[in-house]
Amino acid sequence: MDRAARDEICRMSATELAARIRKSELSPREAVDAVLDRMADADNTLHAYCTPVPDQARERARRIGERLAHGEEVGPLAGVPMGVKDLITTRGIRTTSGSPAYEDFVPDEDDIVVERVLDAGAVVLGKTNATEFGYSAVGHNPVFPATRNPWNTALTPGGSSAGSAAAVAAGLGPVALGSDGGGSVRVPAAHCGLVGFKAAMGRVPVWPGCRDERLPGVSGWESLEHIGPLTRTVADAGLMMSVLAGPDPRDRHSIPCDDVDWTNGPGDPDLRGLRVAYSADLGYLAVDPEVRRVVGAAVGVLEKDLGCHVDAVDPGWDDPSEAFAALIAAETDLTGMRRLIDTYGERMSPHLVAMMRRSWTAEEFTDANMVRKAVVNRTARLMSTYDLLVTPTAAVPPFAVGIQGPGLVDGREVADTAWTGFAFPANLTGAPAVSVPAGWTRDGLPVGMQIVGRHLADAQVLRAAAAFERAAPWAHRWPAEPRAQGAAGAPGPSNSRRSATSR
């Protein structure tokens, strides 16, 4: 296959790719080979995939092709190649969670979402890189080389679903699975020019991640964590949700989803009369001027081109970041994590070690719950007046690899995690939220706009995202061929990137 034909396949949406495979215009093996060939060219620079499984992927593509040739039904993702975040368990494929404590861990069961994409015919290309246990919003960890942003490889792609975002942005698979406990699907979507969808709490079941008491570090964030797709189009997000959504008895938080038509729900482009609350900074966040400019222009599209009624608002809660950190700690197996730190602490991420070793008090945990209730209640009051809340997704454009975040934003000194402050309130409330590309900075870097819906109003969120996509399309924009650009910051260790096969 020549490069032009390969790249044409790699730039297809999952929806188009699946349709072509069903029509026998393209075979699953051709689709997988095209992406694997592009990976061979690009991923030594990007480090999107930490544990690729090319032989396993080719064999699965061959089997799916045979089933299609025999007229068998193989599902809506038949032959579609994709990545799975390294925090999501995969039977027979190493799942490290970005931590030395799990560096050689090979699960004996798939997460529910992996079961579902496999049942739908998808081809898993491998595991995508993530921060250690997902405890930061960037792309480096102590085990693998740092993941880099396809739009500028000196910069972070955001995280913690860093590899999934970098892979989709660079054409190394049209879709990928990420997880989002505080923005970890939406933030890298913003930094990589993608759609990142976090459905309402319970729409997508999670097991064993967050829920398996045998796995310290993996077992945390239960009331905050979501799993969702990273895609290049809203239609692909809907396609993925049609496969992922629906209850499972292994997840006590999971809920029925018969009220949402995931594939047809985004179809109606008419947003006229929709009431939109726009907050440029939530009343307390420092925001980069370029982010304000780009997202402000995108909100103008909602108002002037799509007929929404937009009001500038502040939601009315104080900065809940300290409470959010306490909730994470309260839902973590502190005893188990501290045992891991006793063994692996010198190799683990310093910010993670410090958080686990902190002497948390019962009052900090109960105070955090009260803050969460205040955010939930104020959100409910706000959304009784408005259909949608729109904000930037991240407070800054992509920044240098190797740091947790900038300490200075728009002239204000801030914590190095403050730039993620738009994302995690939707995890506190469980509301559906999507990040869509709002536009690009003057330096050519992507900026995301976050659209948050009412409780369980997933269809409304996807409809708004699809309407904005039609009015201000982005999927035609691709980064240049990835190549090193004099990366700043520590790139991370260069060991441990290897293929894994079923045991």
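Every value quoted in this text rests on a predicted model; they were computed, and no experiment measured them.
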Legend entry - Test side chain to side chain donor-acceptor pair (under 3.5 Å) applied to S219 and D333, step by step: CA-CA 7 Å; S219 58; D333 178 2; 4.9 Å; no
Legend entry - Test item: S97 and D86 side chains (from C-beta on) under 4.5 Å apart, heavy atoms: no
Legend entry - Parallel, tilted or perpendicular: rings of F133 and Y102 (30°, 60°): perpendicular
Legend entry - T233 side chain near D236 side chain, heavy-atom distance below 4.5 Å: yes
Legend entry - Donor-acceptor under 3.5 Å (R454 side chain, M383 main chain): yes
Legend entry - Parallel, tilted or perpendicular, as decided by the 30° and 60° cut-offs, for the rings of W221 and F324: perpendicular
Inset, instruction - Report the C-alpha separation of T128 and K85 in whole Å, then their side-chain angles, then the decisive distance to 0.1 Å, and conclude whether the side chain to side chain donor-acceptor pair (under 3.5 Å) test is met. - result: CA-CA 5 Å; T128 56; K85 184 179 180 178; over 6 Å; no
Legend entry - Student check: side-chain heavy atoms of P142 and P100 closer than 4.5 Å: yes
Inset, instruction - Decide whether a cation-pi geometry holds between R211 and W207; the criteria are a distance under 6.0 Å from NZ or CZ to the six-membered ring centre and an angle within 45° of the ring axis. - result: no
Legend entry - Side-chain heavy-atom pair D318, Y284 within 4.5 angstrom cut-off: no
Legend entry - Any donor-acceptor pair under 3.5 Å from N141 side chain to A130 backbone: yes
Inset, instruction - Would you kindly say whether R186 and N427 are connected by a side-chain donor-acceptor distance under 3.5 Å? - result: yes
Inset, instruction - Mark yes or no for whether W151, through its side chain, and A480, through its backbone, hold a donor-acceptor pair below 3.5 Å. - result: no
Inset, instruction - Specify whether W360 and F365 have parallel, tilted or perpendicular ring planes, treating 30° as the upper limit for parallel and 60° as the lower limit for perpendicular. - result: parallel
Inset, instruction - Identify the heavy atoms of K198 and A426 that sit nearest to each other, and give their distance. - result: NZ-O, 3.3 Å
Legend entry - R250, CZ: over 12 other non-hydrogen atoms inside 6.0 angstrom: yes
Inset, instruction - Take R232 and E469 through the salt bridge (Lys or Arg N to Asp or Glu O under 4.0 Å) test and state the conclusion after the steps. - result: CA-CA 10 Å; R232 290 190 55 80; E469 179 182 35; over 6 Å; no
Inset, instruction - Scan side-chain atoms only and decide if Q450 and T393 contain a donor-acceptor pair under the 3.5 Å cut-off. - result: no
Inset, instruction - Please examine the side chains of L408 and V414, heavy atoms only from C-beta on, and report whether any two atoms are closer than 4.5 Å. - result: no
Legend entry - Check: L445 main-chain N/O paired with D443 side-chain donor or acceptor under 3.5 Å: no
Inset, instruction - Output yes when E132 and R347 qualify as a salt bridge under the 4.0 Å nitrogen-oxygen rule, no when they do not. - result: no
Inset, instruction - Indicate whether any N or O donor in one side chain lies under 3.5 Å from an N or O acceptor in the other, for E331 and S223. - result: yes
